[in-house]
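Here is the naming used below: chain letters follow the sequence lines, and residue numbers restart at 1 for every chain.
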There are 2 protein chains.
Amino acid sequence: MPVTLKDIAKIAGVSVSTVSRVLHDNSKKYTISDETILKVKEAAKNLGYRVNALARGLRQNKTCEIGVIVPDISNPFFAELVKSLAGELRVKGYNIIVFDSDEDPLIEQSALKSLIEKRVDGLVVASVGQDFTQIKKVRDTEMPMVMVDRCFDELDVDSVSVDNVLGSMLAVNYLINEGHRRIAFIQGLPGTYANETRLQGYKKALHNAGIPIDKHLIAGNDFRSFNGYLKTKYLLKLSNPPTAIFTAGDLIALGALEACKENNVRIPNDISLVTFDDPDYASYLSPAVTAIEQPIKKIAQMAVAMLYDRISDSRNERRKILLEPKLNIRNSVARISSTAIKSQPANTDPNNTR
Amino acid sequence: MPVTLKDIAKIAGVSVSTVSRVLHDNSKKYTISDETILKVKEAAKNLGYRVNALARGLRQNKTCEIGVIVPDISNPFFAELVKSLAGELRVKGYNIIVFDSDEDPLIEQSALKSLIEKRVDGLVVASVGQDFTQIKKVRDTEMPMVMVDRCFDELDVDSVSVDNVLGSMLAVNYLINEGHRRIAFIQGLPGTYANETRLQGYKKALHNAGIPIDKHLIAGNDFRSFNGYLKTKYLLKLSNPPTAIFTAGDLIALGALEACKENNVRIPNDISLVTFDDPDYASYLSPAVTAIEQPIKKIAQMAVAMLYDRISDSRNERRKILLEPKLNIRNSVARISSTAIKSQPANTDPNNTR
DNA sequence: AGAGTTAATGCAATCGTTTGTATAAATTAA
DNA sequence: TTAATTTATACAAACGATTGCATTAACTCT
């Protein structure tokens with residue numbers, strides 16, 4: 001059985017409260033003789049004392065734990081985010097409890113339940129959901145919470161994310177500048193914040209350029225790679241296929257690459273590719289993929305700062321932070337001459353055997 | 001303030017113990033009238049009761065939490081491992097508390113401390129360490145623990161990992177069969193289990209083939225990509241450079257790719273590459289990289305099963321499990337004719353401008 | 001020398017559960 | 001009808017810490 005204050009008290013011949021003060025209480029409110037301090041510390045060390053965080057948390061009504069929920073920790077974006085959050089929080093004296101909701105609202109819900117029961121001091125949530133009833137319930141609690149990446153426009157809640165609309169516009173504008181007109185969008189899970197805002201940016205960029213939106217060029221239904229694979233196959237089979245694909249997430253792009261490879265469609269010669277998210281390996285892909293980079297570290301920093309503010313003072317007003325994305329140009333986009341676009345179908349490459 | 005059993009008891013007009021039994025106790029040891037059950041459940045629902053896991057854990061002496069420590073959660077291998085562990089444990093009713101030690105033994109140590117203080121029911125540890133004094137101390141506790149991926153040969157402790165020696169041999173034997181003789185090894189952190197065993201396999205394969213070990217061809221000192229980058233640059237500059245590089249981890253391979261790209265060294269034409277670890281994106285890299293795949297899901301399953309055994313019965317003997325790795329052949333290795341090898345220096349390609 | 005301080009420590013309540021034992025009322029058995 | 005049993009519930013002691021208050025002894029001041 002683990003050692004308790006009581007055990008130490010017995011051996012050191014003092015009371016439990018004295019032991020507690022020696023070991024944990026730094027407020028010099030109580031004076032304790034050097035001799036006692038020595039005896040207690042000695043005994044604690046010999047017995048290998050470890051404070052019971054449950055008992056302490058119960059008594060102090062705080063746990064120094066922050067709950068983190070992400071939809072998919074194997075997605076490099078979230079892995080990096082979790083790492084950054086953990087780093088930021090560690091220096092502030094907090095540990096994190098991570099839940100992977102596996103893109104499943106039910107798991108997310110049970111994760112929320114668990115974390116609340118554990119009495120974490122705060123929550124950082126990247127929600128799967130298209131629907132915010134559960135999140136709203138938590139917000140209406142005194143539980144400090146900030147949402148990251150996946151949040152809800154309509155819900156008044158602290159949140160930090162990248163400016164997805166701007167990100168998509170950067171990507172699509174770049175494609176347009178390179179001469180593309182038929183630009184497909186393979187989206188993630190419809191109804192989610194990340195997806196809707198990215199879609200919105202895509203549409204806005206096309207609209208600004210006076211390019212009508214062709215709904216056959218918008219496909220996809222989740223953020224996984226298989227979705228990218230399937231929808232790329234579909235797009236390549238269109239009678240009038242796109243000259244460029246913009247994917248809503250890194251995994252989708254991976255799937256798109258696979259589909260192109262299988263169909264012997266070369267990037268960027270036969271079709272161009274840009275993706276939202278910029279994982280470390282993007283520059284080593286075949287070809288190096290042009291991508292929208294999110295400032296992950298900064299997202300984590302802001303989220304932690306906001307959470308900290310809310311923990312300290314729950315009564316200030318809620319904020320929604322948008323950070324700037326960045327376009328990293330690599331080799332997955334081909335320039336198309338505008339004459340070619342006007343005079344003939346996009347796919348002019350005889351090697352393209354799709 | 002959160003709702004407690006007391007609040008419910010007051011409203012329902014019964015005692016706290018009755019409330020507790022209605023809400024949580026499934027042992028039909030105590031009979032409670034339907035009327036009371038209804039009243040209590042009603043009140044609990046109305047008040048939005050959430051059990052306090054701290055109080056419960058304290059009383060029951062268990063938390064249903066498992067601590068997980070990994071050296072780098074942004075490494076896809078560990079991200080995937082954590083995800084698998086979380087999935088396996090969730091169905092068994094356990095949550096996980098993840099710590100990222102950031103390859104730092106001091107952080108690992110403080111993570112261990114935190115987790116023990118939190119009274120987790122068990123630990124799954126992929127240790128950074130070259131040194132197992134801390135881990136040994138934990139093992140000698142009644143805390144159930146299993147080590148994964150990074151363990152210690154000399155320490156008697158439950159562990160699950162891939163057969164690293166075999167994995168390296170698969171990789172190196174394959175290179176040898178393709179005609180390579182000058183095979184470099186870019187290693188990870190020396191002194192760690194994963195590294196030493198992989199190095200051992202590398203040496204053994206060379207030895208079995210009667211190829212002497214050239215210590216200039218063994219370089220590197222951690223598992224990060226920058227290490228791969230630097231050491232590849234170094235290897236390329238050797239007067240008698242290797243014809244193939246075998247890297248000890250996926251991130252190292254990424255660094256190697258970058259260095260080759262910068263030096264206009266083509267893979268596999270100018271140099272071949274094989275890596276330990278096989279992340280999802282490996283097949284989409286430029287070129288698709290031949291890699292040693294670890295059965296991550298199986299590692300997680302075994303680890304959880306073993307941990308579970310130990311939690312149920314701490315007195316059975318400790319086991320060390322080795323799982324089989326798999327060689328996934330892709331396009332990063334060139335066949336070298338044996339005549340070329342015998343008659344002239346390995347690098348015969350005039351395009352190689354290193 | 002007595003009053004007032006200060007130093008050093010102990011007592012006991014508390015946090016929110018769980019759970020063994022006790023108890024009262026209702027039912028059954030003899 | 002009374003003892004034995006069952007049903008339904010309450011009491012109270014843990015779990016291991018923290019912390020306001022009380023207490024004792026020693027010291028300082030006048």
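- Among the heavy atoms of the strands lying under 4.0 Å from A/I32 are primed sugar atoms or P, OP1, OP2 only; no base atom is included.
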Enumerate the protein-to-nucleotides 20-24 of chain C contacts in which both atoms are nitrogen or oxygen and the separation is below 3.5 Å.
from   : atom 1 : to    : atom 2 : distance (Å)
C/dG20 : OP2    : B/K29 : NZ     : 2.9
C/dG20 : N7     : B/R21 : NH2    : 3.4
C/dG20 : N7     : B/Y30 : OH     : 3.3
C/dG20 : O6     : B/R21 : NH2    : 2.5

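- Of all the heavy atoms in A/N316 and A/D309, the pair that sits closest is ND2-O, 4.2 Å.
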Give the C-alpha distance, both sets of side-chain angles, the deciding distance and a yes or no for side chain to side chain contact (heavy atoms under 4.5 Å, CB included) between B/L307 and B/I311.
CA-CA 6 Å; B/L307 189 65; B/I311 289 172; 4.2 Å; yes
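- For residues 98-110 of chain A, the pairs satisfying side-chain hydrogen bond (donor to acceptor under 3.5 Å, both in side chains) are A/D100-B/K83, A/D102-B/K83, A/E103-A/R150, A/E108-A/S127, with sequence neighbours left out.
- Nearest-nucleotide mapping onto DNA chain C: of A/L58 and A/V14, the residue sitting toward the 5' end is A/V14.
- By the side-chain hydrogen bond (donor to acceptor under 3.5 Å, both in side chains) test, B/D156 pairs with B/R318, sequence neighbours left out.
- When the P atom of C/dG16 is taken as reference, atom CG of B/L47 falls 14 Å away, rounded to whole Å.
- Taking atom CG on A/L5 and atom P on C/dG10, their separation rounds to 13 Å, with Å as the unit.
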List, one per line, each side-chain donor-acceptor pair under 3.5 Å for residues 116-124 of chain A, sequence neighbours excluded.
from   : atom 1 : to     : atom 2 : distance (Å)
A/K118 : NZ     : B/E65  : OE2    : 3.0
A/K118 : NZ     : B/N95  : OD1    : 3.1
A/R119 : NH1    : A/I116 : O      : 3.1
A/R119 : NH1    : B/V51  : O      : 3.3
A/R119 : NH2    : B/R50  : O      : 3.1
A/D121 : OD1    : A/T63  : N      : 3.0
A/D121 : OD1    : A/T63  : OG1    : 3.3
A/D121 : OD2    : A/T63  : N      : 3.3
A/D121 : OD2    : A/C64  : N      : 2.6

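- No contact: B/R119 has no heavy atom under 4.0 Å from any strand.
- B/V16 comes within 4.0 angstrom of a base, heavy atoms only.
- The shortest non-hydrogen separation linking A/L54 to B/L54 is CD2-CD2, 3.7 Å.
- Rounded to whole Å, the distance from CD on A/Q60 to P on C/dG16 is 14 Å.
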Apply side chain to side chain contact (heavy atoms under 4.5 Å, CB included) to the pair A/R56 and A/N52, showing each step before the final yes or no.
CA-CA 6 Å; A/R56 170 181 284 179; A/N52 184 322; over 6 Å; no
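- Spacing between atom CG of B/D7 and atom P of C/dC15 amounts to 11 Å, rounded to whole angstrom units.
- Nucleotides of DNA chain D lying under 4.0 Å from heavy atoms of chain A occupy a range whose first and last members, 5' to 3', are D/dG16 to D/dC21.
- The two residues A/Q130 and A/F152 come nearest to each other via the heavy atoms C-CE2, 4.1 Å.
- The separation between B/K10 atom NZ and C/dG16 atom C1' is 14 Å, rounded to whole Å.
- The CG atom of B/L155 lies 12.0 Å from the OH atom of B/Y193; values are rounded to the nearest 0.5 Å.
- With DNA chain D read from its 5' end, the first of the two nearest nucleotides for A/S20 and B/D34 is the one closest to B/D34.
- Atom P of nucleotide C/dA8 and atom CG of A/L38 are separated by 15 Å, given to the nearest angstrom.
- With the nearest nucleotide of DNA chain D identified for both B/G13 and A/R56, B/G13 has the one nearer the 5' end.
- C/dT14 atom C1' lies 13 Å from atom CG of B/N52, rounded to whole Å.
- Atom P of nucleotide C/dA25 and atom CD of B/E35 are separated by 17 Å, given to the nearest angstrom.
- Under the ring-ring contact (aromatic ring centres under 6.0 Å, His included) criterion, A/Y94 pairs with no residue, sequence neighbours left out.
- If you check every strand for non-hydrogen atoms under 4.0 Å, A/T31 touches a base.
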